[in-house]
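One structure below.
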Amino acid sequence: MNSVSRLAWVTRSQSGPRLFLTFAALSLVPVLGLGVVLNQMVRREIDDRALAEAVSRAQTIADGSMVPALDGRNLAAGISADERARLVRATRSLHGDATVLRLRLRSNSGAIVFDADHPAAPLKPFTDAEVEEAASGKVVRALTRINADSIDGRSHQGVRAVETYVALHGPNNARVVGVLEIYLPYAPFRAAAAASKHRLSWLMGGGLLAIWSVLAFTSWSATRRVRRSARENDWLAHHDRLTGLPNRLAFNEEIERRWKGQPKLLIAVIDIVRFREVNETLGHANGDQFLCLMTEALQRADIGAAVLARLGGDLFAVLVDGDDRQVDQRLLSGIRQAIAAGFDVGGIHLHPELTIGVASTLDGVSSAAELLRAADLSVHAAKELGEPVVRYSPAFDHFDPARLELANELGPAIAAGELVLHYQPKIDLATGAVRSLEALVRWDHPRRGRLAPDEFIPIAESTSLIGPLTEWVLGEACRQIAIWAETGISLPVSVNISARSLADLSLPADLLGALALAGISPSLLEVEVTETAVVADIPRAQHLLAELHRAGVRVSLDDFGQGATSLLSLTDLPLDEIKIDRSFVTDMDHNAERRAVVSFVVSLAHRLGLTVVAEGVETADASALLTEMGCDQAQGFLYSRPLAAADLVVWLRDHAGSRDRVADHAV
Ligand code: C2E
Ligand code: MG
Ligand code: MG
């Protein structure tokens with residue numbers, strides 16, 4: 001049942017591995033940095049080694065090939081033809097293995113005495129600091145490119161080369177007779193040096209990987225405890241420790257999440273009646289057990305719950321996807337069934353009683369937070385009223401203790417006979433005759449005086465008190481119809497049926513039962529249902545009204561124009577009458593558009609074969625206008641205010657008398 005919230009929690013607790021991955025990635029940075037530094041060091045080492053090898057080769061050529069080709073004289077004076085010939089042979093053998101790019105013999109001051117590329121060229125005077133340095137005994141070397149030297153004067157630069165100057169010694173190494181300038185290709189020396197360092201690179205890479213793995217493993221095991229306790233903390237932050245259910249925070253988050261995707265939701269907040277007594281008499285341990293048993297029962301219940309949560313104390317909450325009345329019914333009957341058997345707690349068998357506040361997205365809430373607040377307000381109202389189930393009413397928003405007190409008093413007031421019905425006539429505009437009467441309820445409150453229905457009907461509608469109230473009104477109206485019938489007043493009476501009563505499938509049976517009890521014909525009873533009540537659930541209203549209609553009870557659509565009935569559904573409903581809302585009629589005198597609407601509704605109703613009644617007719621002008629438009633009947637202060645039964649009889653007599661006088665005049 002709580003799989004969704006559990007899922008959300010599991011997703012949240014994924015932060016543990018993420019923590020480790022972050023650490024692993026961060027520890028990789030210094031390891032990689034060290035790798036780069038070591039790699040550079042190795043490269044430098046390879047370069048140095050390559051240069052050293054190149055110099056060593058140059059030295060070998062100088063000592064092994066050049067010196068033996070010379071006579072041992074100082075090269076400043078040039079070389080003999082024999083020496084040149086020997087040098088040509090020696091250099092040719094060197095060129096044979098293609099390892100020498102350039103070879104020159106220089107005098108100690110720098111003059112070019114022999115150039116392997118131009119062996120026949122005469123001595124070319126030149127001074128060169130590098131040569132002088134080499135002549136003084138130092139080995140001079142540089143990594144360069146062939147032809148980069150100013151002596152060459154060629155623009156094209158060739159391959160990388162090691163340029164080396166090595167002193168050439170005379171017999172017995174006695175003195176320096178000249179200098180060998182030699183360019184050897186760099187690549188083979190570097191390749192040889194790199195090959196020797198290859199293993200070292202691999203070893204270093206492996207070593208670094210091992211260091212990093214050790215670091216990562218250490219961090220994994222070190223953070224495991226931290227991660228586990230973070231997960232536990234997260235769980236505790238979102239769950240109730242005793243029952244393991246999601247808590248208010250998690251419940252809130254879940255509603256928020258669902259609100260984004262699916263705007264049809266219903267919440268029931270459940271309070272256990274007199275839980276405190278269980279706690280106090282049986283002890284807290286038993287109180288806890290009671291809550292756990294309650295949790296298990298709700299978890300097992302077939303209530304289609306998406307999430308079951310414990311909001312705190314003895315307050316549970318259920319979130320359901322969908323907001324239609326079937327969801328509502330299934331939820332409430334499921335909860336009732338779940339706890340019907342009761343629980344054994346502390347050796348006592350307890351039958352818990354619940355107070356439930358229901359709110360859904362049908363209640364005009366505009367956010368997830370508002371929805372939960374509406375359900376909270378409803379359960380609060382239910383507790384105040386002592387009602388088992390209370391559906392949200394906007395009246396709860398201005399949480400008014402006086403209003404709730406009134407609601408508390410309404411139930412007993414119905415039983416004590418504090419309600420009275422007043423009757424207002426509906427007049428035939430063409431003849432002036434009274435066609436029927438509308439029964440309007442009032443409450444003669446012992447302290448507050450007479451209360452209008454607007455002051456207590458909304459409260460009754462938001463609680464289950466509307467049932468007994470409607471039942472009383474029906475019974476009282478039928479009783480009055482029967483009394484009047486005996487005295488010769490045979491006028492149909494209409495009663496107002498609220499939206500909640502319209503949702504009650506037992507309404508037709510109750511209504512027919514009241515008619516039968518009073519022994520009157522169904523044709524003497526009419527029902528008025530408001531347009532807004534019908535719109536709330538058109539198919540159900542259709543079904544219920546059709547049943548009444550079949551039984552011979554007339555059906556009237558009240559306050560037409562206030563709701564948003566599609567004109568099409570007008571044709572689908574089994575109606576006999578439409579009452580144009582008072583607001584249209586009152587404004588008609590000075591508002592041409594309103595006049596046009598009234599006129600339109602009159603002709604539309606006539607086309608559909610319905611009677612039209614205008615509500616709230618207060619002036620003779622309005623009455624005349626309506627008569628002109630062909631409106632059938634009118635109701636309003638112009639004719640009579642709603643009157644108590646006895647006063648109405650007097651009024652009816654006066655009205656009949658005045659009609660007769662008018663008729664006499666006419667004759
Ligand atoms: P409604 O059914 O539209 O009743 C007409 C309301 O307009 C009545 O208010 C009546 O007193 C008032 N009224 C009649 N003629 C005029 C007029 O010319 N000018 C003005 N300004 N008002 C006029 P009331 O009696 O206060 O009832 C208010 C509403 O309470 C009713 O509207 C009906 O929806 C509801 N109601 C009354 N009795 C019952 C009842 O027994 N059961 C239910 N469920 N609702 C009832
Ligand atoms: Mg009415
Ligand atoms: Mg009305």
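- For the residue pair Glu461 and Ser498, a side-chain donor N or O sits within less than 3.5 Å of a side-chain acceptor on the partner.
- Side chains of Asp323 and Thr361: a donor-acceptor N/O pair is present below 3.5 angstrom, by distance only.
- For the pair Ala460 and Leu469, the tightest heavy-atom approach, listed with the atom from each and the gap, is CB-CD1, 4.4 Å.
- The two residues Ala338 and Ala301 come nearest to each other via the heavy atoms CB-CB, 3.5 Å.
- In this structure, the side chain of Arg336 does not engage the main chain of Ile339 through any donor-acceptor pair within 3.5 Å.
- For the atom pair CD of Glu254 and CG of Leu265, the computed distance is 10.0 Å after rounding to the nearest 0.5 Å.
- Judged by distance alone, the side chain of Asp288 and the main-chain N or O of Ala285 form no donor-acceptor pair under 3.5 Å.
- Once rounded to the nearest 0.5 Å, the distance linking CD of Glu418 with CG of Asp444 reads 8.0 Å.
- Between the side chains of Thr470 and Ser501, at least one donor-acceptor pair of N or O atoms lies under 3.5 Å.
- In this structure, Leu545 and Leu502 have side chains that are in contact, with non-hydrogen atoms separated by less than 4.5 Å.
- Put simply, CD1 on Ile348 and CG on Leu282 are 4.5 Å apart, with the number rounded to the nearest 0.5 Å.
- The shortest heavy-atom contact between Glu387 and Val390 is CB-CG2, 3.7 Å.
- In this structure a side-chain-to-backbone donor-acceptor pair under 3.5 Å is missing from Glu476 to Val473.
- For the pair Glu615/Asp581, a side-chain contact is recorded, criterion being any heavy-atom separation below 4.5 Å from C-beta on.
- To the nearest 0.5 Å, the span separating CD on Glu405 from CD on Glu409 amounts to 5.0 Å.
- With a 4.5 Å cut-off on side-chain heavy atoms, Ile459 and Leu410 do not count as touching.
- Here the rule is side-chain hydrogen bond (donor to acceptor under 3.5 Å, both in side chains) with Ser556, and of Glu438, Glu577, Glu528, Lys579 only Glu577 fits it.
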From CA spacing to verdict: side chain to side chain contact (heavy atoms under 4.5 Å, CB included), Arg310, Thr295: CA-CA 9 Å; Arg310 183 178 173 213; Thr295 303; 5.8 Å; no
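- When all heavy atoms of Leu465 and Gly411 are compared, the closest pair comes out as CD2-CA, 3.7 Å.
- Aromatic ring orientation, Trp443 versus Phe456: perpendicular (interplanar angle above 60°, classes split at 30° and 60°).
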Test log, rule side chain to side chain contact (heavy atoms under 4.5 Å, CB included), inputs Arg248 and Leu315: CA-CA 10 Å; Arg248 189 179 274 274; Leu315 219 53; 4.2 Å; yes
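- Summarising the geometry of Ala237 relative to Leu249, their closest heavy-atom pair is O-CD2, 3.5 Å, with the distance given to 0.1 Å.
- Around atom CZ of Arg448, more than 12 heavy atoms belonging to other residues, nucleotides or ligands sit under 6.0 Å away.
- The CD1 atom of Ile272 sits 5.0 Å away from the CZ atom of Phe316 when rounded to the nearest 0.5 Å.
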Candidate pair Cys478 and Leu515, rule side chain to side chain contact (heavy atoms under 4.5 Å, CB included), full reasoning: CA-CA 6 Å; Cys478 289; Leu515 285 170; 4.0 Å; yes
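- Closest approach of Arg442 to Pro642, counting heavy atoms only: NH2-CG, 3.7 Å.
- One N or O on the side chain of His349 and one on the backbone of Ala341 form a donor-acceptor pair closer than 3.5 Å.
- At a threshold of 4.5 Å between non-hydrogen side-chain atoms, the residues Leu34 and Leu208 count as touching.
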Stepwise side chain to side chain contact (heavy atoms under 4.5 Å, CB included) check, Arg274 with Val278: CA-CA 7 Å; Arg274 289 185 297 280; Val278 176; over 6 Å; no
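- At least one side-chain heavy atom of Asp576 sits under 4.5 Å from a side-chain heavy atom of His549.
- Atom CG in Leu474 sits 7.5 Å away from atom CG in Asp510 (nearest 0.5 Å).
- Side-chain atoms of Val307 and Ile255, non-hydrogen and from C-beta on, never get closer than 4.5 Å to each other.
- At a threshold of 4.0 Å, the pair Asp302-Arg330 counts as salt-bridged, since one of the basic side-chain nitrogens sits closer than that to a carboxylate oxygen.
- Annotation: side chain of Asp321 is in contact with side chain of Arg258 (closest heavy-atom distance under 4.5 Å).
- Side-chain contact check for Tyr392 versus Leu371: every heavy-atom pair is 4.5 Å or farther apart.
- Side-chain contact annotation: His239 with Asn247, donor-acceptor N/O pair under 3.5 Å absent.
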